[in-house]
Amino acid sequence: MDRHELLILRHAKSAWNTDAPSDFERPLSKRGRRDAPRMGRFLARENLRPDYVVSSPATRARQTVVAVCSELDITEQEIHWDDRIYHASTGALMDVLSESPEEASRVLIAGHNPGLEVLVQTLSRAPVPMPGDWKLMPTAAVAHLDIPGRWCDLDGGIARLVSLTRAKSLKD
């Protein structure tokens with residue numbers, strides 16, 4: 001049986017008091033610009049470089065994933081932008097993931113809540129304990145899941161949650 005790994009990345013902290021004309025165009029805040037590369041360095045240290053990266057094209061997600069990937073020597077041209085991830089339902093996120101290339105053993109998807117939190121809970125075969133602050137996927141968090149089978153067969157309740165890492169828990 002094939003095994004895959006999935007990295008689910010929520011965008012870093014966004015700025016609210018900006019001149020952005022829409023929610024889609026909101027940029028990262030100062031903290032977000034600090035946390036995104038921090039998470040990329042963590043993934044590099046843990047040898048969790050993805051083979052395939054797909055992201056929401058919203059400004060805050062784009063800025064996050066570009067900063068994370070920069071730390072992993074992945075260029076912006078290698079990132080796949082998918083409009084379906086912005087404000088996505090769990091079903092839409094699973095559709096995007098099911099289209100991942102089969103040769104990609106590790107995929108990173110970057111996007112937004114509440115979709116990503118629900119995706120982690122839906123894919124996990126065991127209940128995912130809710131942290132004390134009731135935020136499963138705060139900004140710049142990465143969930144690492146072990147996925148049995150092929151991407152095209154992705155289904156709920158099949159994954160094992162390996163780890164959930166928050167940017168604020170990282171020291172560097």
Side-chain angles (χ1 to χ4, degrees), residues 1-14 22-26 28 32 35-36 39-40 42-43 48-69 72 74 76 78-131 134-167:
M1 176 187 296
D2 293 325
R3 296 206 78 76
H4 294 94
E5 291 175 85
L6 176 60
L7 301 171
I8 301 173
L9 170 67
R10 182 172 176 210
H11 67 78
K13 182 80 175 158
S14 61
S22 69
D23 177 71
F24 186 87
E25 296 167 280
R26 270 192 306 117
L28 291 180
D35 286 348
M39 189 53 74
F42 164 77
L43 293 174
L48 290 174
R49 185 183 192 277
D51 303 308
Y52 182 78
V53 178
V54 60
S55 175
S56 162
T59 301
R60 60 195 180 275
R62 180 181 289 270
Q63 289 174 328
T64 300
V65 79
V66 166
V68 166
C69 286
L72 296 161
I74 297 170
E76 189 169 350
E78 295 173 87
I79 301 166
H80 299 85
W81 307 104
D82 196 316
D83 290 324
R84 295 176 293 173
I85 299 172
Y86 181 67
H87 285 314
S89 66
T90 303
L93 293 169
M94 288 178 61
D95 286 347
V96 168
L97 288 168
S98 72
E99 295 167 11
S100 298
E102 214 42 58
E103 63 274 9
S105 61
R106 186 179 296 129
V107 169
L108 183 147
I109 186 169
H112 314 269
N113 267 353
L116 295 183
E117 269 188 13
V118 176
L119 181 65
V120 170
Q121 293 166 327
T122 299
L123 289 175
S124 297
R125 65 175 168 246
V128 179
M130 191 59 73
W134 292 97
K135 294 178 182 177
L136 184 62
M137 293 289 294
T139 55
V142 172
H144 177 194
L145 290 93
D146 181 49
I147 308 278
R150 302 177 311 161
W151 292 117
C152 62
D153 297 329
L154 190 65
D155 202 359
I158 65 167
R160 179 178 64 87
L161 179 62
V162 176
S163 64
L164 181 58
T165 306
R166 295 167 166 226

Exercise: identify the closest heavy-atom pair between Pro148 and Asp146: CD-O, 3.8 Å

Name of the residue among Leu6, Asp155, Leu93 meeting side-chain contact (heavy atoms from CB on, under 4.5 Å) with Leu123: Leu6

Test applied, side-chain contact (heavy atoms from CB on, under 4.5 Å); reference residue, Leu97; option that passes from Val107, Ile8, Ile147, Ile85: Val107

Test log, rule side-chain contact (heavy atoms from CB on, under 4.5 Å), inputs Thr165 and His144: CA-CA 8 Å; Thr165 306; His144 177 194; over 6 Å; no

Interatomic spacing from OG in Ser163 to CG in Leu7 - rounded to 0.5 Å: 8.0 Å

Donor-acceptor contact present, side-chain Asp2 to main-chain Arg150, <3.5 Å: no

Spacing of CZ belonging to Arg60 relative to OG1 belonging to Thr139, to within rounding of 0.5 Å: 11.0 Å

Residue pairs fulfilling salt bridge (charged side-chain N to carboxylate O under 4.0 Å, His left out) with at least one residue in residues 107-129, sequence neighbours excluded: none

Minimum heavy-atom distance between Ala104 and Trp151, given as atom pair plus value: O-NE1, 2.8 Å

Pairs touching residues 85-112 that satisfy salt bridge (charged side-chain N to carboxylate O under 4.0 Å, His left out), sequence neighbours left out: Glu5-Arg106, Arg84-Glu99

Minimum heavy-atom distance between Thr90 and Gly115, given as atom pair plus value: OG1-O, 4.4 Å

Nearest non-hydrogen partners of Pro57 and Asp82, listed with the distance: CD-O, 3.4 Å

Under 3.5 Å: donor-acceptor pair, side chain of Asn113, backbone of Met137: yes

Spacing of Met130 atom CE and Lys135 atom NZ [to the nearest 0.5 Å]: 12.0 Å

His112 and Tyr86 aromatic ring geometry - parallel, tilted or perpendicular at 30°/60° bounds: perpendicular

Any side-chain heavy-atom pair of Leu108 and Leu43 under 4.5 Å: yes

Interatomic spacing from CG in Asp153 to OG in Ser98 - rounded to 0.5 Å: 9.5 Å

Atom pair OG (Ser55) and NE2 (His80), whose distance is rounded to the nearest 0.5 Å: 12.0 Å

Side-chain heavy atoms of Pro131 within contact of Leu136, under 4.5 Å: yes

Residue pair Glu76 / Arg62, side-chain heavy-atom distance below 4.5 Å: yes

Distance in Å, Phe42 CZ paired with Leu72 CG, rounded so as to fall on 0.5 Å steps: 11.0 Å

NZ/NE/NH1/NH2 to OD/OE distance under 4.0 Å, Arg166 and Asp35: no

Heavy-atom side-chain contact between Glu78 and Val53 under 4.5 Å: no

Polar side-chain atom of Arg10 near backbone of Ala143 as donor-acceptor pair, under 3.5 Å: no

Donor-acceptor contact below 3.5 Å, side chain Thr64 vs main chain Ala36: no

Any side-chain heavy-atom pair of Phe24 and His87 under 4.5 Å: no

